[in-house]
Number of protein chains: 2
Amino acid sequence: MPTPPYRRIADDLRRRILDGDLPPGAVVPSENVLVEQYEVAAETARRALAVLAAEGLTEARRGSGTRVRSFRPILRQAGRRLSAEQWGSGRSVWQADLDQRPMAVDSASVDQRPCPGRIAGALGLEEGAPVWVRDRRYLVEGAPVMLATSYLPAEMVAGSAITRLDSGPGGTYARLAELGWAPTDFREQVRVRMPLPEEALALALGAGTPVVLIARFAFARDGVPVEVNEMTLDASRYLMEWEFPA
Amino acid sequence: MPTPPYRRIADDLRRRILDGDLPPGAVVPSENVLVEQYEVAAETARRALAVLAAEGLTEARRGSGTRVRSFRPILRQAGRRLSAEQWGSGRSVWQADLDQRPMAVDSASVDQRPCPGRIAGALGLEEGAPVWVRDRRYLVEGAPVMLATSYLPAEMVAGSAITRLDSGPGGTYARLAELGWAPTDFREQVRVRMPLPEEALALALGAGTPVVLIARFAFARDGVPVEVNEMTLDASRYLMEWEFPA
DNA sequence: GAGTGGTCTAGACCACATT
DNA sequence: ATGTGGTCTAGACCACTCA
């Protein structure tokens, strides 16, 4: 039971990628080349390349070729507590160009709808109670990176700018504060899995790219839940950070 | 350019899984069955099943069959702030049996080593300065779920139980507190990607299972970094939670 | 032993990008 | 026009599980 040829080929290529022999953007040897070099059938060479694609290491383009993917993560900071100096010692262990690129919204909608069951429990509402639903897709450099759907009790936010596409300066949380429901605490629950086809489509995900699901709960004074925000992130584009006290 | 047969088959099966028609643990139609039902070649049927496996939805076992995977996550809580009542309204949107199963450690080592470059910066040390390195693998119900490697400045922890396999009651942080370096703040940086073969091996990962990489930085008073902990989690087994103030 | 998934081959046709 | 990746087929052999 020696490792099968397609795995050996994949292992070779992977090592070359991780060693930097094939840097980000470099063209990976084509199927035909692999067929010659390793003396295997075309399908076997394809399978080797498919392994790397499934690992998120490469990206194949029909007609062009297969290239090594590059990673330029967006830094998502939550619960920032520490000062800039403390950021200095204690910075990322991942060497990343954490440039702050501007984020845009390309498709958005705001609707009042009956509350879905799983959200109702979190908001302390009955299933089907009216909630305002804010739906958005975020882009960086023209490419989608995150989907977000936010739920707020209709009774709480009726008449405010939260029910309009443009929620105004400071956004939803600023409006909540004006209504006397300023968020004081947040809980974020995080799951990770491979995307469903619809998610892969909406985020234009390459093969081998997981998604991060974040459910964010915002609480006002006395622990009153005021918002649930379900987010879906392209995992290959994010470096997430949380800070909290001991 | 209609969707190719293998995708149609995969779509059919995926819908049946997500609809609950094929519940967790259920046997997915075998290659032979699919060959008959859809009148395709065996390789085409295989490819359809491979899609589902790559999505983490199924698990194939040679000789046995392909089954729908089940999701029984471990809840990992960080920065717990809110009370139990607030947990009540605002609970998970993912219906999950969050039983607290006991966690064991099966392989552990403690060594003094020169500090790797990427850790040195975070700990405010020179590269190569002596650090104690605590290495562990965690199991739940006999299966590995997390790898963790912790780095502490040798000068800070020399002579304490931190340098021994059994760090004593309360663990590393309790010992740090006794030494006058009680952690007061934490920063956790999180990345997600598909595993390298070595990681897949160490965590016994099925196909289509991402890993979560958490780099945890512990700070004592005045923002002095006292520990860096690099963790690798089986993404399919964790539900992570962070809480923090506005 | 029958059925299951895992791998490989040789050959074919297609869609697409680059030259 | 050539080369690239994407898909499909028919047939083969193997390793494993389960009854």
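Naming convention: chains lettered A, B, ... in sequence-line order (proteins, then strands); numbering from 1 in each chain.
Rounded to whole Å, the distance from CZ on A:R67 to P on D:dT4 is 12 Å. Between B:L34 atom CG and D:dT9 atom P there is a gap of 13 Å when expressed in whole angstrom units. The CG atom of A:N32 sits 15 Å away from the P atom of C:dG11 (whole-angstrom rounding). Rounded to whole angstrom, the span from the CD atom of A:E59 across to the C1' atom of D:dG6 amounts to 16 Å. For the pair B:R46 CZ and C:dG6 C1', the computed distance is 5 Å after rounding to whole Å. Between the CG atom of B:L52 and the C1' atom of C:dG5 there is a distance of 14 Å, given to the nearest Å. Note: CG (B:L13) to P (C:dG5) measures 12 Å, nearest angstrom. At whole-Å resolution of the value, CD in A:E31 and P in D:dT7 are 11 Å apart.
Applying the 4.0 Å criterion to OP1 and OP2 of C:dT4, one finds that B:T66 has every side-chain N and O outside that range. In this structure, B:Y6 does not reach the D:dC8 phosphate: none of its side-chain N or O atoms is under 4.0 Å from OP1 or OP2. OP1 or OP2 of C:dT9 has at least one side-chain nitrogen or oxygen of A:T44 nearer than 4.0 Å. A sub-4.0 Å separation between OP1 or OP2 of C:dT4 and a side-chain N or O of B:R61 is absent. Taking 4.0 angstrom as the limit, A:S30 places none of its side-chain polar atoms (N or O) nearer than this to OP1 or OP2 of D:dG3.
Candidate nucleotides C:dA10, C:dG5, D:dT9 were compared by shortest atom distance to the side chain of B:R47, and D:dT9 ranks first. The side chain of A:E43 lies closest to C:dG11, out of C:dG11, D:dT17, D:dA10. Among D:dT7, D:dT17, D:dG5, the nucleotide with an atom closest to any side-chain atom of B:P5 is D:dT7. Of all nucleotides listed (C:dC8, C:dC16, D:dT7), D:dT7 comes nearest to the side chain of B:R7. Closest approach to the A:A60 side chain among C:dG6, D:dA10, D:dG5 is made by D:dG5 (side chain taken as heavy atoms from C-beta onward).
Here side-chain hydrogen bond (donor to acceptor under 3.5 Å, both in side chains) pairs that include residues 17-31 of chain A, with residues two or more places apart or in two chains, are A:R16-A:D21, A:E31-A:R46.
Mapping A:A42 and B:V33 onto DNA chain C via the closest heavy atom, the residue that lands nearer the 5' end is B:V33.
Both the sub-6.0 Å distance and the 45° axial angle are not jointly satisfied by B:R193 relative to the ring of A:F71.
Applying the salt bridge (Lys or Arg N to Asp or Glu O under 4.0 Å) test to A:R15 and every residue at least two apart in sequence or in another chain returns A:D12.
In this structure, B:P197 and A:R14 have side chains that are in contact, with non-hydrogen atoms separated by less than 4.5 Å.
Between the side chains of A:S150 and A:E227, a donor-acceptor pair is found at a separation under 3.5 Å.
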